[in-house]
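Here is the structure we will look at, set down as structure tokens.
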Amino acid sequence: MRILGVDYGDSRVGLADSDEMRVLASPLPPLQTGSMRKTIDEVAKIARETGAAVIVVGLPLNMNGTEGPQAGKVRAFGSKLGEVSGAEIVYKDERLTTVQAHRAFDQAGVSKSRRSRLVDSVSAQIILQSYLDAAARA
């Protein structure tokens, strides 16, 4: 069983999927968001195509751990995505994943112009990899 990782945003949705052994997360091409419903349908389609029974959705928490308005949007997205896809939805704290992605880009020497196309999917990869690592330790 594969697992899909999602970094939901107002402009783009970053995606990543796991290998079948659920050890390694790899980025997928990001989606440009339109309406929430269209985005849900597209992510559900990708989940079916990859055989994902679980979808890990990054939950944007405030630095003090509380949920703000964006977290509410993400929960609404995840709830409807679960209904449409039939997959189990798991929320994973995504604080600082974008910062981690930019640090990785710095270390790899990725240009700033190229980063904007990659950051959402790398963030999804970090979210999913964190989930996979925690599951392996449990």
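All values derive from a computational prediction rather than experimental measurement.
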Cluster check [X], [Y]: I/L/V/M/F/W/Y, side chain < 4.5 angstrom:
X	Y	value
Val56	Val43	no
Phe77	Leu28	yes
Tyr91	Leu128	no
Ile46	Val90	no
Ile127	Val122	no

About how many Å separate [atom2] of [Y] and [atom1] of [X], when rounded to the nearest 0.5 Å?
X	Y	atom1	atom2	result
Glu20	Thr50	CD	OG1	10.0 Å
Ile55	Glu88	CD1	CD	10.0 Å
Asp19	Arg2	CG	CZ	7.0 Å
Met36	Leu81	CE	CG	10.5 Å
Glu83	Ile40	CD	CD1	8.5 Å
Ile89	Arg75	CD1	CZ	11.5 Å

Looking only at non-hydrogen atoms, find the nearest pair between [X] and [Y] and report the distance.
X	Y	value
Glu94	Pro60	OE2-CB, 3.3 Å
Ala25	Gln125	O-NE2, 3.0 Å
Met1	Ala53	SD-CB, 3.4 Å
Ala87	Val54	CB-N, 4.3 Å
Ser123	Asp7	CB-OD2, 3.2 Å
Ser121	Pro29	OG-C, 3.8 Å

Could you check whether atom [atom1] of [X] has more than 12 heavy atoms from other residues, nucleotides or ligands sitting under 6.0 Å from it?
X	atom1	result
Glu49	CD	yes
Met21	CE	no
Arg95	CZ	yes

Assess the residue pair Arg37 and Val84 against the criterion (side-chain contact (heavy atoms from CB on, under 4.5 Å)); give the C-alpha distance rounded to whole Å, side-chain angles, the decisive distance to 0.1 Å, and a yes or no. CA-CA 10 Å; Arg37 181 56 202 220; Val84 171; 3.8 Å; yes

Using the side-chain contact (heavy atoms from CB on, under 4.5 Å) rule, take Ser18 and Val23 through it: C-alpha gap first, then chi angles, then the decisive distance, then the call. CA-CA 7 Å; Ser18 73; Val23 174; over 6 Å; no

Check the pair Asp17, Leu4 against side-chain contact (heavy atoms from CB on, under 4.5 Å), reporting the backbone distance first and the verdict last. CA-CA 4 Å; Asp17 74 339; Leu4 187 68; 4.2 Å; yes

Could you give me the CA-CA distance, side-chain angles and deciding distance for Lys45 and Asp41, then say whether salt bridge (charged side-chain N to carboxylate O under 4.0 Å, His left out) is met? CA-CA 6 Å; Lys45 177 182 171 197; Asp41 289 343; over 6 Å; no

Without swapping roles, check the side chain of Asn62 against the backbone of Gly65 for a donor-acceptor pair under 3.5 Å.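 Looks like no, no N/O pair under 3.5 Å.
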
Are the side chains of Glu67 and Val74 in contact, using a 4.5 Å heavy-atom criterion?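 Val74 does not reach Glu67 side chain to side chain.
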
Indicate yes or no: at least one non-hydrogen side-chain atom of Leu132 is less than 4.5 angstrom from one of Leu24.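 SC-SC contact between Leu132 and Leu24 ruled out.
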
Stepwise side-chain contact (heavy atoms from CB on, under 4.5 Å) test for Lys73 and Asp10: CA-CA 10 Å; Lys73 287 169 81 173; Asp10 292 330; 2.9 Å; yes

